[in-house]
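One structure below.
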Amino acid sequence: MYPRDLTFSILSPSPIKMSNSIVTACRTNLFGNPFFTNAKCESQVSPTRTIAAAAPEETSCEFGSLKYYALCGFGGLLSCGLTHTAVVPLDLVKCRIQVDAAKYGNIVKGFKVTLAEEGVRALGKGWAPTLVGYSMQGVGKFGFYELFKIFYSGMLGEENTYLWRTSLYLAASASAEFFADIALCPMEAIKVRIQTQPGWSTTLREGFPRILKEEGVSGFYKGLVPLWARQIPYTMMKFACFERTVELLYKNVVPKPRSECTKGEQLVVTFAAGYIAGVFCAIVSHPADTIVSKLNQKKGSNFIDIAKSLGLMGMWKGLVPRIIMIGTLTALQWFIYDSVKVAFRLPRPPPPEMPESLKRKLGVN
């Protein structure tokens with residue numbers, strides 16, 4: 001059964017009513033800040049039990065408000081834009097290994113050949129479309145993830161949100177990445193051409209009008225489907241693995257509750273969980289990443305033809321540098337994103353716990 005406001009908004013799709021339903025969902029969902037949720041007090045309290053009422057942490061906005069989503073999007077902009085730009089040299093070598101394994105071989109040889117032929121400046125090729133593209137993608141990835149997580153949680157209800165939380169993370173992240181990649185795709189097409197096609201334009205300023213003139217708008221989006229095939233599984237793993245790893249770390253590794261950890265200690269947990277998630281992200285998305293690199297290198301090619309020409313083993317070339325790159329990248333992204341939340345005093349709900357109503361149903365103490 002859907003919440004009343006949410007059901008009404010679905011039947012009568014008005015932007016104002018939809019906004020109201022999202023706000024209602026964020027107030028009642030399991031991921032909401034407990035200080036914005038109606039308290040459910042026990043009717044009987046043990047006389048031996050002591051209750052220390054800690055003062056709620058002051059936040060700059062309400063969980064699920066437009067300001068909250070905007071600042072989450074800004075955090076995503078910084079986390080994705082800065083980190084992807086920082087690893088451009090490694091990304092360049094990885095792309096070249098994928099499109100010409102015979103010449104570039106492995107990561108060490110790839111750096112040596114690139115430096116010998118083009119010098120140190122070549123390692124920065126593609127930095128501008130990387131910065132612009134992944135900044136835009138970061139806004140959609142993190143901003144929409146927060147929105148869809150709250151929205152889907154409101155549809156499921158408190159108990160099902162807890163029981164199906166991994167599926168919720170997967171669905172919310174996939175929905176967010178679908179839209180984020182539409183913003184990323186044009187810049188990704190320019191970046192790969194700059195990095196892998198000798199003699200092609202070397203800057204975003206030259207590359208953008210060149211593709212527009214030679215191939216039209218469709219030239220920017222011919223890699224969209226394989227980009228979805230790469231990025232959506234990557235993002236699903238990135239968010240779901242991160243959320244569950246954080247939950248497990250606080251439950252089994254960190255020697256004290258999250259509420260007793262300092263902000264610095266919480267950010268260390270964030271970084272560790274991000275790196276673990278990044279390793280899995282790199283593995284599940286690598287074949288599609290290789291196809292994207294080859295697709296943007298060869299004019300007139302398509303997803304099926306490239307996959308057939310590469311073969312199963314060919315799709316896994318460049319995996320080691322990508323694991324190093326994506327592991328570090330994902331850890332830093334989560335660290336920066338969480339740091340932005342801390343800096344702007346955004347609500348940061350703790351890992352979800354089983355609702356009391358569900359404990360009673362399952363007979364859990």
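Every heavy atom of this structure was used, including side-chain atoms; hydrogens, water molecules and symmetry mates were not.
Considering only heavy atoms from C-beta on, F344 comes within 4.5 Å of F74 through its side chain. Using a 4.5 Å heavy-atom cutoff, the side chains of C261 and Y250 are in contact. Using a 4.5 Å heavy-atom cutoff, the side chains of P349 and F63 are in contact. With a 4.5 Å cut-off on side-chain heavy atoms, K341 and D338 count as touching. Under the 4.5 Å side-chain criterion, counting only non-hydrogen atoms from C-beta, T130 is not in contact with M187. W200 has its side chain within reach of I211: a pair of non-hydrogen atoms, C-beta onward, lies under 4.5 Å apart. Residues K191 and L204 form no side-chain contact, since every pair of their non-hydrogen atoms from C-beta on lies 4.5 Å or further apart. The closest side-chain heavy-atom distance from Q333 to L82 is not below 4.5 Å.
Nearest heavy-atom pair, L170 versus A240, reported as atom, atom and distance to 0.1 Å: CD2-CB, 3.6 Å. Taking both residues in full, the closest heavy atoms of I336 and T83 are given as CD1-CG2, 3.8 Å, listed atom of the first, atom of the second, then distance. For the pair A189 and G219, the tightest heavy-atom approach, listed with the atom from each and the gap, is CB-O, 4.3 Å. In plain terms, the two heavy atoms of L168 and K149 that are nearest each other are CD1-O, 3.9 Å. In terms of heavy atoms, L92 sits closest to T114 at CD2-CG2, 4.0 Å. The two residues V284 and M237 come nearest to each other via the heavy atoms CG1-CE, 3.8 Å.
With a 6.0 Å radius and a threshold of 12 heavy atoms from other residues, nucleotides or ligands, K256 has its NZ atom above the threshold. Within 6.0 Å of CH2 in W164 there are 12 or fewer heavy atoms belonging to other residues, nucleotides or ligands. Surrounding CZ of F220 are more than 12 heavy atoms belonging to other residues, nucleotides or ligands, all under 6.0 Å away.
Classification of E188 and R193 as a salt-bridged pair fails, no side-chain N sitting under 4.0 Å from a carboxylate O. Between R210 and E214 there is a salt bridge, since at least one side-chain N of the basic residue sits less than 4.0 Å from a carboxylate O of the acidic one. Between D91 and K94, at least one side-chain N (NZ, or NE/NH1/NH2) sits under 4.0 Å from a carboxylate O, which counts as a salt bridge. With salt bridges taken as basic N to acidic carboxylate O contacts below 4.0 Å, none links E243 and K238. Between E265 and R258 no salt bridge is recorded (no basic side-chain N to carboxylate O distance below 4.0 Å). Salt bridge D181/K141: absent, no basic N to carboxylate O contact under 4.0 Å. Taking 4.0 Å as the cut-off between side-chain N and carboxylate O, K125 and E118 count as a salt-bridged pair.
Contacts classified as ring-ring contact (aromatic ring centres under 6.0 Å, His included) and involving residues 81-111 (residues at least two apart or in different chains) are given here: H84-Y134.
Contacts of A282 classified as side-chain contact (heavy atoms from CB on, under 4.5 Å), with partners at least two apart in sequence or in another chain: R322, I323, I326. Residues forming a side-chain contact (heavy atoms from CB on, under 4.5 Å) with A273 (at least two apart in sequence, or on another chain): F242, T245, V246, L249. The salt bridge (Lys or Arg N to Asp or Glu O under 4.0 Å) search around K67 returns none, not counting sequence neighbours. Scored by the side-chain contact (heavy atoms from CB on, under 4.5 Å) test, A183 finds M136 as partners (sequence neighbours excluded). When the side-chain contact (heavy atoms from CB on, under 4.5 Å) test is applied to V108, the partners found at least two apart in sequence or on another chain are N106, K112.
For R244 and T166, the side-chain atoms include at least one donor-acceptor pair closer than 3.5 Å. With no hydrogens or angles considered, a side-chain donor-acceptor pair links T161 and S153 at under 3.5 Å. Defined by atom type and a distance below 3.5 Å, a donor-acceptor pair is missing between the side-chain atoms of Y68 and S60. When only modelled atom types and interatomic distance are considered, E158 and S357 share no side-chain donor-acceptor pair under 3.5 Å.
No option in F142, Y234, F148, F280 other than F142 meets the ring-ring contact (aromatic ring centres under 6.0 Å, His included) test with F239.
Follow the hydrophobic side-chain contacts under 4.5 Å out from L78 and you reach Y69 in the same cluster. Criterion: ILVMFWY side-chain heavy atoms under 4.5 Å apart, direct or through other members. Under it, V93 and V88 are not part of a common hydrophobic cluster. L319 and I276 are members of different hydrophobic clusters when ILVMFWY side chains are connected at heavy-atom separations under 4.5 Å. Cluster annotation: L248 and M354 are assigned to distinct hydrophobic clusters (Ile/Leu/Val/Met/Phe/Trp/Tyr, side-chain heavy-atom contacts under 4.5 Å, transitive). Cluster membership for M236 and L227, using ILVMFWY side-chain heavy atoms within less than 4.5 angstrom, is not shared.
Put simply, CD1 on I324 and CG on L329 are 13.0 Å apart, with the number rounded to the nearest 0.5 Å. Here SG of C72 is found 4.0 Å from CD of E146. Values are rounded to the nearest 0.5 Å. Once rounded to the nearest 0.5 Å, the distance linking CG of L267 with OG of S339 reads 4.5 Å. For the atom pair CZ of R205 and CD1 of I190, the computed distance is 12.5 Å after rounding to the nearest 0.5 Å. How far OH of Y275 is from OG1 of T330: 9.0 Å, rounded to the nearest 0.5 Å. Rounding to the nearest 0.5 Å gives a distance of 13.5 Å between OG1 of T235 and CH2 of W228.
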Next item on the list: Determine, step by step, whether K103 and K109 satisfy the side-chain contact (heavy atoms from CB on, under 4.5 Å) criterion, reporting the C-alpha distance in whole Å, the side-chain angles of both residues, the deciding distance to 0.1 Å, and the verdict.
Entry: CA-CA 9 Å; K103 178 178 180 179; K109 183 180 178 182; over 6 Å; no
Check: Could you walk me through whether Q137 and E177 pass the side-chain contact (heavy atoms from CB on, under 4.5 Å) check?
Finding: CA-CA 8 Å; Q137 186 219 32; E177 189 62 33; 2.9 Å; yes
Next item on the list: Dump the intermediate steps for side-chain contact (heavy atoms from CB on, under 4.5 Å) on L163 and L156, then the final yes or no.
Entry: CA-CA 10 Å; L163 292 173; L156 289 172; over 6 Å; no
Next item on the list: Take I107 and V320 through the test side-chain contact (heavy atoms from CB on, under 4.5 Å) and record every step on the way to the result.
Entry: CA-CA 8 Å; I107 185 170; V320 174; 5.7 Å; no
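With hydrogens and angles disregarded, a donor-acceptor distance shorter than 3.5 Å links the side chain of Y221 to the backbone of I182. When atom types are taken as modelled, the side chain of S173 and the backbone of Y169 share a donor-acceptor pair closer than 3.5 angstrom. Not a single donor-acceptor pair under 3.5 Å links the side chain of S79 to the backbone N or O of W334.
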